[in-house]
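All values below were derived from every heavy atom in this structure, side-chain atoms included, with hydrogens, water molecules and symmetry-related copies excluded. Order of the sequence lines sets the chain letters (A, B, ...), proteins ahead of strands, with each chain counted from 1.
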Protein chains: 2
Amino acid sequence: MSSTKKPKQATRADVAKMAGVSESTVSYALTGVRPISDETRERIEEAMKTLGYVPNAMAQALASKKSGLLALLFPVGERGFDETDFEYVEAATAAAAEDGYQLLLWPNAVEDVASLRKIVAQGLVEGVLLMEVRAQDPRVEVLRDSGTPFCLIGRTDDSQDLTFVDADFSQWGPMALHHLLDLGHTNIGVISMSSDLLEAGYGPGVRTEKPLLDLAKRLGITITIKHAKATIRAGREAFEELTAEQPDITALIGFNEPALIGALEVAGARGINIPEDLSMLSFGISDEAENMTVPAQTTIGVDGRELGRMAAQYLVARLNGDKKSVLQYLTQPQFVDRGSTGLAPLGQK
Amino acid sequence: MSSTKKPKQATRADVAKMAGVSESTVSYALTGVRPISDETRERIEEAMKTLGYVPNAMAQALASKKSGLLALLFPVGERGFDETDFEYVEAATAAAAEDGYQLLLWPNAVEDVASLRKIVAQGLVEGVLLMEVRAQDPRVEVLRDSGTPFCLIGRTDDSQDLTFVDADFSQWGPMALHHLLDLGHTNIGVISMSSDLLEAGYGPGVRTEKPLLDLAKRLGITITIKHAKATIRAGREAFEELTAEQPDITALIGFNEPALIGALEVAGARGINIPEDLSMLSFGISDEAENMTVPAQTTIGVDGRELGRMAAQYLVARLNGDKKSVLQYLTQPQFVDRGSTGLAPLGQK
DNA sequence: GGACAATGTCGACACGCGTCGACTACTTAT
DNA sequence: ATAAGTAGTCGACGCGTGTCGACATTGTCC
């Protein structure tokens with residue numbers, strides 16, 4: 001019967017005693033800060049193995065002032081996690097691990113500044129990764145004057161002094177318009193994210209729409225935007241409203257994955273063929289989401305893995321004392337043609 | 001210019017000095033373990049406030065052997081997070097917070113037993129919550145003989161000695177069958193999750209299918225199961241195969257949200273009306289997902305919040321020294337009628 | 001032969017906190 | 001008046017590490 005008693009973790013003292021050396025020698029064998037003879041090292045390592053010794057994380061952290069922990073502030077009660085989020089969480093975790101750091105997802109509401117302040121003050125984590133950053137984000141201020149290194153995934157309006165990685169959303173609209181204009185589309189509908197998110201200053205929404213609208217005006221393209229919540233149902237309604245208002249649109253840009261699926265459903269039910277009758281182009285759909293829409297969507301998006309990896313690396317750079325250099329990174333949009341766009345049906349050549 | 005210098009955190013010594021008391025007095029003022037005069041307490045609290053004192057988490061943990069941290073092992077490289085997962089993560093976080101614990105999501109692959117062993121050995125977390133539990137899960141053994149208290153969300157095949165919360169999946173199939181049989185359905189299709197998950201021993205799949213098939217045989221109901229990956233595309237294909245093989249099915253049970261959406265799309269395109277031509281019933285769709293399907297689905301599922309809350313509470317109970325009592329909880333299935341089932345079309349009355 | 005550096009090891013202390021034992025100044029029961 | 005508490009406080013120590021200074025040993029270069 002395997003008793004589930006508390007198997008008291010062996011300590012450095014135990015290892016030292018068993019190996020017949022002093023405690024500091026054990027330390028140096030572990031860290032390599034000072035040379036140790038191969039002979040002694042072997043004895044120590046054997047003792048560690050038979051005792052199942054693992055250094056106590058908290059004692060290590062206390063003594064060295066380095067916990068090896070990074071926090072990824074994990075938004076709760078918000079827009080849910082989509083595939084892209086997953087991608088960069090995974091990539092950031094892996095990148096942090098490569099540098100010897102553990103990345104923890106710390107559930108925390110965006111508004112809960114008090115908890116955040118306590119988290120960084122109690123010194124458990126060495127650095128913080130912030131996602132779902134808003135245009136004006138109260139958390140940034142807290143982090144800034146806490147002295148804790150941090151890196152944003154996204155950015156605030158006023159971020160020239162900050163460390164961040166973000167997608168270059170300003171290019172998404174123009175890139176999409178040029179592509180569609182080349183195909184002859186001059187009347188384009190957009191199904192974007194909910195107005196709530198925009199008003200809260202959600203970066204991807206804010207930064208994308210304006211350049212898109214500005215360029216459309218310059219190019220003489222008619223744009224009609226519908227904002228929808230991130231549900232299939234909302235997407236259906238948005239598509240119906242959109243086509244009712246503007247029956248002549250020949251192309252649709254989607255920036256809201258669930259809503260896009262809803263739009264596709266309605267289009268399918270109406271016998272609208274894609275791309276023959278209607279071109280479709282989606283923002284921000286990840287590779288994993290490719291199978292989530294039928295037909296697959298031609299996409300302008302971001303490499304989530306790249307973002308996550310860069311974020312972790314920037315943060316680690318700050319931890320390693322790089323206080324001076326500007327660490328800011330904007331990923332170029334990725335255009336993936338999956339055949340959901342084609343020549344405009346009226347063929348104005 | 002707000003300098004971003006390291007504002008060295010005040011320590012207990014600083015507070016003691018400013019308040020003119022000993023360090024231990026500061027401690028007792030904080031913990032209340034021993035009485036402190038109101039007068040001194042006020043001086044101390046004022047000092048703490050002006051110094052911005054927050055106890056150092058690692059020192060506290062080291063001295064008290066209590067870190068106040070719980071880990072929720074967060075599966076990476078797996079089936080993604082769905083809405084229900086979110087629900088119980090959120091609920092568990094909240095429940096843990098109520099008992100004074102922080103719940104961290106610790107990204108960790110299910111197979112990465114070595115990391116897990118290190119995590120619990122280094123003593124950073126006091127307890128562990130395990131999700132995505134498999135029928136045979138190597139992590140359980142590691143936790144068991146590490147002595148770290150843990151609680152499963154889900155269970156293994158051999159879990160009579162373990163602490164867990166889980167949905168009572170064995171009831172889902174029978175409940176669904178009785179409901180459908182009452183409506184006159186005797187030929188039922190099922191679109192379930194991918195075979196990969198089942199073979200890996202993914203509990204919800206395994207525990208649901210057998211009772212469903214057994215009861216169907218007893219009742220003389222024809223069941224045809226298709227396994228599909230969790231994508232809309234796979235759901236479309238599954239539905240097409242299913243209806244090709246069994247053109248006479250009058251009801252469809254879905255246990256795979258994305259695939260279900262795909263099935264709905266195909267059904268819609270074929271002009272199949274729900275529930276007039278085909279009844280549909282879904283397993284495990286959460287309230288949040290209600291808007292993700294059109295029409296909304298009649299559902300047999302689980303209250304994710306309840307699960308998460310119970311899991312956290314059970315774990316905390318173990319931490320508080322409750323070693324003896326059996327802490328195991330199976331949630332009753334929740335039936336929510338959203339009108340997607342109706343009388344079988346052939347009307348065998 | 002001695003000066004010097006490099007190698008290998010030990011002891012002592014600090015990190016910031018929890019907590020035990022002891023001590024003082026009272027209060028209450030005897 | 002004495003014993004027996006109780007409230008309030010202090011000093012010392014321990015938690016398990018990292019790391020600095022000191023020391024002994026060995027090798028190297030003139």
Side-chain angles (χ1 to χ4, degrees), chain A residues 6-45 47-48 51-69 100 118 120-126, chain B residues 6-45 47-48 51-69 100 118 120-126:
Chain A
K6 36 203 139 173
K8 233 160 235 159
Q9 264 299 122
T11 73
R12 190 178 64 173
D14 301 328
V15 177
K17 187 174 296 174
M18 173 171 289
V21 296
S22 78
E23 291 193 38
S24 49
T25 304
V26 177
S27 265
Y28 292 127
L30 224 33
T31 63
V33 173
R34 288 190 184 179
I36 296 287
S37 71
D38 292 350
E39 181 192 8
T40 340
R41 167 175 287 107
E42 277 177 28
R43 284 215 316 281
I44 292 176
E45 278 171 359
M48 295 197 303
L51 289 173
Y53 171 72
V54 176
N56 181 286
M58 293 167 315
Q60 249 175 316
L62 179 60
S64 68
K65 307 214 163 228
K66 291 184 180 177
S67 67
L69 297 180
K118 182 171 289 182
V120 296
Q122 66 189 6
L124 223 168
V125 299
E126 292 185 54
Chain B
K6 36 201 137 175
K8 231 161 235 158
Q9 265 299 121
T11 72
R12 188 179 65 172
D14 301 329
V15 177
K17 188 174 296 175
M18 174 172 288
V21 295
S22 79
E23 291 193 37
S24 49
T25 304
V26 176
S27 267
Y28 293 127
L30 225 32
T31 63
V33 173
R34 289 189 184 180
I36 297 286
S37 71
D38 292 351
E39 180 192 8
T40 344
R41 168 175 288 111
E42 277 176 29
R43 284 215 316 282
I44 292 176
E45 278 171 359
M48 294 197 305
L51 289 173
Y53 171 72
V54 177
N56 180 284
M58 294 167 314
Q60 244 173 318
L62 180 60
S64 69
K65 307 214 164 230
K66 291 184 181 176
S67 67
L69 297 180
K118 182 171 290 182
V120 296
Q122 65 189 7
L124 224 167
V125 299
E126 292 184 55

Minimum-distance nucleotide (side-chain atoms of B:Ser24 versus C:dC10, D:dC10, D:dT19): D:dC10

Residue mapping more 5' on DNA chain D - nearest nucleotide basis, A:Ser27 or B:Tyr28: B:Tyr28

Could you give the CZ-to-P distance, from A:Arg43 to C:dT9, as a whole number of Å? 8 Å

Rounded to whole angstrom units, what separation is found between the NZ atom of B:Lys66 and the P atom of D:dC15? 17 Å

Rounding to a whole Å, what distance do you find between A:Asp14:CG and D:dC15:P? 11 Å

Can you tell me whether the side chain of B:Arg34 and the base of C:dT19 have a donor-acceptor pair closer than 3.5 Å? no

Quick one: on DNA chain C, does A:Arg12 or A:Ser37 contact a more 5' nucleotide (nearest heavy atom)? A:Ser37

Side-chain (A:Glu126) to main-chain (A:Ser67) donor-acceptor, under 3.5 angstrom: yes

CG/A:Asn56 to NZ/B:Lys65 distance, rounded to the nearest 0.5 angstrom? 7.5 Å

Nearest whole Å is fine: how far is D:dT9 P from B:Glu42 CD? 12 Å

Short side-chain N/O contact to D:dC10 OP1/OP2 from B:Thr25, under 4.0 Å: yes

Nearest to the side chain of A:Glu23 - C:dC17, D:dT19, D:dT17? D:dT17

Pairwise 5' ranking along DNA chain C for A:Leu62 and B:Thr31, keeping only the more 5' one: A:Leu62

Identify which one of A:Leu51, A:Ile44, A:Val26 satisfies the side-chain contact (heavy atoms from CB on, under 4.5 Å) criterion when paired with A:Met18. A:Leu51

Here the pair of heavy atoms bringing A:Glu23 nearest to A:Ala13 is OE2-CB, 3.6 Å

Starting the side chain at C-beta, find the nucleotide from D:dG18, C:dT19, D:dG16 nearest to A:Ser64. D:dG18

DNA chain D: 5'-proximal contact among A:Met58 and B:Arg41 (nearest heavy atom): B:Arg41

A:Pro35 side-chain proximity, nearest of C:dT7, C:dC10, D:dT9: C:dT7

Could you tell me how far apart A:Gln60 (CD) and D:dT19 (P) are, to the nearest whole angstrom? 10 Å

Among C:dC17, C:dG11, D:dG8, the one nearest B:Asn56 by side-chain distance: C:dC17

Without decimals, in angstroms, what is the distance between A:Gln122 CD and C:dG18 P? 12 Å

Touch class at under 4.0 angstrom, heavy-atom based, for A:Ile36 against every strand present: sugar-phosphate

Is there a salt bridge (Lys or Arg N to Asp or Glu O under 4.0 Å) between B:Asp38 and B:Arg41? Walk through the geometry before answering. CA-CA 5 Å; B:Asp38 292 351; B:Arg41 168 175 288 111; 3.7 Å; yes

